[in-house]
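These notes are about the structure you will find just below.
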Amino acid sequence: LKQRQQGGRTLDYLPWYQAVRYLDNYAPGWRYEIRSVAQVGNNLVMVVRITIPAAEGEIWREASALEVIEDPKRYGDAATNCESAALRRAASKFGLALHLYDK
């Protein structure tokens, strides 16, 4: 896990590349796709899907994320940050690092 400061608090989070490593290890053959990208006002909204093959067939989960397009306080660009957040949220719907949302 990594940590970052947000709103005066320290938050634990799982970086996107660690989520990918877990998926590679525990869900071989998984797939990822960006389902939609839209601009809503000054925000970028992205929906992604993770699909995992199983004996019963393919199982998928989708998640969305929203980022302010031009935010000088943020590190990185809105598209990269939005995709990272959506991927982590979709992975959490399979249970990956889900405990982090309990805080």
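- From Trp30, atom CH2 reaches atom CZ of Phe94 across 10.5 Å, with rounding to the nearest 0.5 Å.
- Residues Leu23 and Ile52 form a side-chain contact, since some pair of their non-hydrogen atoms from C-beta on lies under 4.5 Å apart.
- Residues Val45 and Val37 are not in side-chain contact: their nearest non-hydrogen atoms beyond the backbone lie 4.5 Å or more apart.
- The CG atom of Leu66 lies 4.0 Å from the CG atom of Asn43; values are rounded to the nearest 0.5 Å.
- Closest heavy-atom contact between Ala90 and Ala63: N-CB, 3.3 Å.
- A side-chain donor-acceptor contact under 3.5 Å links Tyr32 and Glu83.
- Between Ala86 and Ser64 the shortest heavy-atom distance is CB-C, 4.2 Å.
- For Gln5, the CD atom sits in a packed shell: over 12 heavy atoms of surrounding residues, nucleotides or ligands are nearer than 6.0 Å.
- At a threshold of 4.5 Å between non-hydrogen side-chain atoms, the residues Val48 and Glu62 do not count as touching.
- Counting heavy atoms from C-beta on, the side chains of Leu96 and Leu14 come closer than 4.5 Å.
- A salt bridge links Glu58 to Arg31: one of the charged nitrogens lies within less than 4.0 Å of a carboxylate oxygen.
- Stacking of Arg88 on the aromatic ring of Trp16 is not recorded, the 6.0 Å distance cut-off and the 45° axial limit not both being met.
- Contact annotation: the side chain of Thr51 never approaches that of Ile59 to less than 4.5 Å [non-hydrogen atoms, C-beta and beyond].
- Leu11 is not connected to Tyr75 by any chain of hydrophobic side-chain contacts under 4.5 Å among Ile, Leu, Val, Met, Phe, Trp and Tyr, and they are in different clusters.
- Taking all atoms of both residues into account, the shortest heavy-atom contact from Pro53 to Pro28 is CG-O, 3.6 Å.
- Between atom CZ of residue Arg61 and atom CZ of residue Arg49 there is a gap of 11.0 Å, rounded to the nearest 0.5 Å.
- Judged by distance alone, the side chain of Gln39 and the main-chain N or O of Gly41 form a donor-acceptor pair under 3.5 Å.
- A distance of 12.0 Å separates CG in Asp71 from CG in Asp77, rounded to the nearest 0.5 Å.
- Between Tyr13 and Leu1, the closest side-chain pair of non-hydrogen atoms is not below 4.5 Å.
- When the side chains of ILVMFWY residues are joined at heavy-atom separations under 4.5 Å, either directly or via intervening members, Trp60 and Leu87 end up in two distinct hydrophobic clusters.
- Residues Ile34 and Met46 have side chains in contact (heavy-atom distance under 4.5 Å, counting atoms from C-beta outward).
- The closest side-chain donor-acceptor pair between Ser84 and Asn81, if any, does not fall under 3.5 angstrom.
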